[in-house]
Number of protein chains: 2
Amino acid sequence: MEIFRELKKVPAFAGVSDKELQAMSSCFKAEICFFDKGQEIIRQGDPLDKVILISKGEANAQNEDMFGNISIILNLKAGDFFGIEEAYAEQDCFKDTLVATEPVTVVLFDKTKIISPCANNCLCHQILSKRMIKTVSSRALALTDKIKHLSQRGIRDKVLSYLQTQSLLAGSRYFDIPFNKTELASYLAVERSALSSVLGKLKQEGVIDFEKKRYHLKGKN
Amino acid sequence: MEIFRELKKVPAFAGVSDKELQAMSSCFKAEICFFDKGQEIIRQGDPLDKVILISKGEANAQNEDMFGNISIILNLKAGDFFGIEEAYAEQDCFKDTLVATEPVTVVLFDKTKIISPCANNCLCHQILSKRMIKTVSSRALALTDKIKHLSQRGIRDKVLSYLQTQSLLAGSRYFDIPFNKTELASYLAVERSALSSVLGKLKQEGVIDFEKKRYHLKGKN
DNA sequence: CTCAAAATGTTGTAAAAACAACAATTTTTC
DNA sequence: GAAAAATTGTTGTTTTTACAACATTTTGAG
């Protein structure tokens, strides 16, 4: 079955047996969709009847405020869900827009099938639930991290706070970030050109080095 | 039993039957603690062996960054949990500090007892799980809201974005916020005095009105 | 009630970011 | 591989915020 093959590829389900994945594929109403780079997978305000699992590629969650300003909330990778917070919090529409930043494959699960366990309380539901809870929790922590960056006084501190976190996450002073400069500015909610000059200054001072999406946080040791 | 009486008071458990609350009280290792205004209930970095439920009062989740700047992440009310994100995301310590903003009663649940269902998979575990998942999801949405405020260009837009959300949440143009001016500045990560003058200007312009913690968002209609 | 402490408002100055406009470079597309 | 589009860097001006210092008001403790 096609859903099965798709779920099998998701790194987050690495530990799950084929039998369980098979069960999940048949138990849930699910469909597969493909999107090109730049396409909107979900638009904020869309009715919430599906929950999305990114099975391949990356996408950005964006938000447009009351005056049309768009800013990137966070970046989602293969294995991440989208829309579960809304589903569990009993919202009736998506709060953010999901945009493919490269070719993306998603699995769409029926919302009601997902949040309420089926009559026989099958194991696959438990497995999926556990994964989703962990996703939501991790995302809440990631959002708290982002808040810490945004709470910094200036652009310099914002970007350093962000890079610090990314470095820690990667476990190395050398690491790739999922954003280009324009996107990073959007993520940090600062002016792109101002960010550009701050980054240039930091590089000149020998605090950091970067090339494309690869950064090097030069520490004390 | 004392835990039972405490849980009975929590608004979030209004729909739960006495029998279930009784079961929860006996099933989980739980203890009750009291804190005065200003006391730290949990300090960031503390080992994560308990999960906290605020059963009475309010508290602020705060965070201290690498250079000692403290900022308020969000405000928790009776019925809110603290530390579940970390528990589910398999962290080993608390990410934020929890400070009582008034006399507070909390119920401390044993972490391991909470995140892994007990052998007999009792109903009370399911009830508590459901509540916690909803809490985490709602909080993730609240954090996204906060990110929207912090992403605004200037103080004026930040504070208006915040008040808009609070008004919507309250379902009225007149509403109370959980912060005084100093705390609001901390929450919005701006200079207190600058916020003060912006608020004064908004009041003068007739956009808003406020007194203490009560605000009035004067709309078009 | 009184005093001390905390919160709030006000102002001027210095610093920083937003904004705008453009050049240079890189990436994408046909 | 050439042209078009997008990204990135650069600079000067304007606007906004941070910062600091202080006056006033409110809150809280004894």
Electrostatic pair A:Glu205:A:Lys218 at N-O distance under 4.0 angstrom: no
Check ion pair B:Glu58-B:Lys77 (N to O, under 4.0 angstrom): yes
Cationic N near anionic O, under 4.0 Å, A:Lys50 to A:Glu31: yes
Nucleotide-resolved protein contact map, nucleotides 8-15 of chain C, B/S/- at heavy-atom distance under 4.0 Å: BBB-----
Distance, nearest 0.5 Å, that separates NZ of B:Lys95 from CG of B:Asn63: 9.5 Å
Qualifying ring pair (Phe, Tyr, Trp, His ring centres under 6.0 Å) pairs with a residue from residues 37-77 of chain A, counting only residues at least two apart or across chains: none
Rounded distance in Å - CG (A:Leu195) to P (D:dT7): 14 Å
Ionic contact status for A:Lys148 with A:Asp145, cut-off 4.0 Å: yes
Of B:Arg153 and B:Lys37, the one whose closest DNA chain D nucleotide lies more 5': B:Arg153
Positions of residues 62-72 of chain A (non-hydrogen atom under 4.0 Å from DNA chain C), listed by number: none
Rounded interatomic separation in angstrom, taking CG from B:Asp157 and P from D:dT16: 10 Å
Salt-bridge criterion met for B:Lys111 and B:Asp49 (N-O under 4.0 Å): no
Ring geometry between B:Phe28 and B:Phe109 (parallel below 30°, tilted from 30 to 60°, perpendicular above 60°): perpendicular
Integer-rounded Å distance: D:dT8 C1' and A:Glu211 CD: 13 Å
Length of the CD-P vector between B:Glu191 and D:dA20, whole Å: 8 Å
Rounded distance (Å) that lies between atom P of D:dA6 and atom NZ of A:Lys213: 16 Å
Inter-end axis angle, the helix from C:dC1-D:dG30 to C:dC30-D:dG1, with every axis fitted to five base pairs (rounded, 10 degrees): 70°
Salt bridge flag under 4.0 Å for residues A:Glu40 and A:Arg43: yes
Contacts of B:Phe13 that satisfy ring-ring contact (aromatic ring centres under 6.0 Å, His included) - sequence neighbours left out: none
Pairs involving residues 156-178 of chain B, ordered by first then second residue, that meet ring pair (Phe, Tyr, Trp, His ring centres under 6.0 Å) (sequence neighbours left out): B:His149-B:Tyr162, B:Tyr162-B:Tyr187, B:Tyr174-B:His216
